[in-house]
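Every chain is numbered from 1, with letters handed out A, B, ... down the list of sequences.
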Amino acid sequence: MPPKKKARVSKRTADSGKDDGTVSSSGGKRKAAASAGKNGKSSESPQYSHWLMKSEPESRFENGIDVKFGIEDLKALPDQTGCWDGVRNYQARNFMRQMKEGQLAFFYHSNCKEPGIAGVMNIVKESYVDHTQFDKKDVHYDATSKPDNPKWSMVDVQYQRMMKRFLPLSELKKYHLQHRATGGPLKDMALFTRARLSVQPLTAEEFDFILSLEDKEAL
DNA sequence: GCCAACGTTGGC
DNA sequence: GCCAACGTTGGC
């Protein structure tokens with residue numbers, strides 16, 4: 001599902017700024033925009049600063065193309081940097097559009113033998129047009145998206161480090177259930193409350209708690 | 001490979 | 001604008 005190529009493509013960013021938006025609902029692009037508030041800059045809500053991004057580390061063929069892209073594949077790219085292309089879900093896209101350079105994201109391994117958090121990466125380039133939407137050869141080609149009004153965006157991410165120990169979904173889930181019952185940082189974690197979202201936000205508390213698990217015994 | 005959850009599409 | 005059918009995600 002997610003990325004595969006390297007980064008480059010620096011030149012211009014285009015990034016149409018406004019343009020279409022979220023789901024449907026009445027007002028159109030409302031939703032999260034409501035909060036905003038201070039944020040002198042320009043656009044939407046800056047609320048989140050940490051992220052979790054899913055990708056599949058095991059080979060799987062979609063239209064004859066292998067979509068495998070695990071953390072080792074990111075690490076192997078030049079500069080250990082790649083573009084997170086192929087996101088074709090509006091909520092996930094909108095979260096990517098909120099990402100700022102320097103923010104941290106967990107690299108999550110999905111749809112595999114052992115799903116879970118494998119490592120940490122850095123957002124090194126803010127959102128810009130995902131060129132794969134116009135590429136008929138690409139698995140994620142989108143015939144409904146036109147170059148003069150692109151639908152899909154991507155960011156560039158750089159490998160930062162592996163987790164000191166792999167954090168399996170099963171363990172995170174145990175904490176989630178425990179925290180849901182008795183209170184705790186993972187009680188509302190998007191990984192469980194928004195199961196299919198491939199790019200999701202984490203609060204600083206969630207992020208820090210998960211990092212703290214590295215130094216604990218597996219649950 | 002199964003299938004639940006849930007996002008998207010399209011008829012009306 | 002509703003909602004059923006359909007397609008995809010992703011754990012197990």
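Of the residues near DNA chain B, A:N111 and A:N89, the one whose nearest nucleotide (by heavy atom distance) lies more toward the 5' end is A:N111.
Heavy atoms of other residues, nucleotides or ligands lying less than 6.0 angstrom from NZ of A:K216 number more than 12.
Nearest heavy atoms, A:G70 versus A:H109: CA-NE2, 3.6 Å.
Atoms CG (A:D142) and C1' (C:dT8) sit 15 Å apart, rounded to a whole Å. At whole-Å resolution of the value, CD in A:E114 and C1' in C:dG10 are 15 Å apart. When the P atom of C:dT8 is taken as reference, atom CZ of A:R88 falls 14 Å away, rounded to whole Å. One atom, NE2 of A:H109, and another, C1' of C:dC12, lie 19 Å apart when rounded to the nearest Å. The nearest whole Å value for the distance from the NE2 atom in A:H140 to the C1' atom in C:dG7 is 15 Å. Distance CZ (A:F61) to C1' (B:dG1): 18 Å, rounded to an integer number of Å. Taking atom CZ of residue A:R194 and atom P of nucleotide C:dG10, one finds them 12 Å apart after rounding to whole Å. Whole-Å rounding puts the A:E62 CD to C:dG7 C1' distance at 12 Å.
Taking Ile, Leu, Val, Met, Phe, Trp and Tyr as hydrophobic and joining them when side-chain heavy atoms fall under 4.5 Å apart, one finds A:L104 in a cluster with A:L52, A:F106, A:Y108, A:I117, A:V120, A:M163, A:L167, A:L169, A:L172, A:Y175, A:L186, A:M189, A:L191, A:F192, A:L202, A:F207, A:F209, A:I210, A:L211, A:L213, A:L219.
Geometrically, A:K125 engages A:Y128 in a cation-pi contact defined by less than 6.0 Å to the ring centre and at most 45° from the axis.
Listed pair A:Y90 / B:dT9 fails the phosphate criterion, with no side-chain N or O lying under 4.0 Å from OP1 or OP2. In this structure, A:K54 reaches the C:dG10 phosphate: one of its side-chain N or O atoms is under 4.0 Å from OP1 or OP2. Taking side-chain N and O atoms only, A:K113 has no distance below 4.0 Å to OP1 or OP2 of C:dG10.
A donor-acceptor pair under 3.5 Å is formed between the side chain of A:D138 and the backbone N or O of A:H140.
When the nucleotides C:dG11, C:dG10, B:dG7 are ranked by their closest atom to the side chain of A:S198, C:dG10 comes out on top.
Checked against side chain to side chain donor-acceptor pair (under 3.5 Å), A:D73 has the following partners two or more places apart in sequence or in another chain: A:K68.
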Please produce a list of atom pairs where a protein N or O lies less than 3.5 Å from an N or O of nucleotides 3-6 of chain C.
none

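Within the 4.0 angstrom heavy-atom criterion, no nucleotide atom of any strand lies near A:F192.
Within the 6.0 Å centre-distance limit, the rings of A:F107 and A:W84 are counted as a close aromatic pair.
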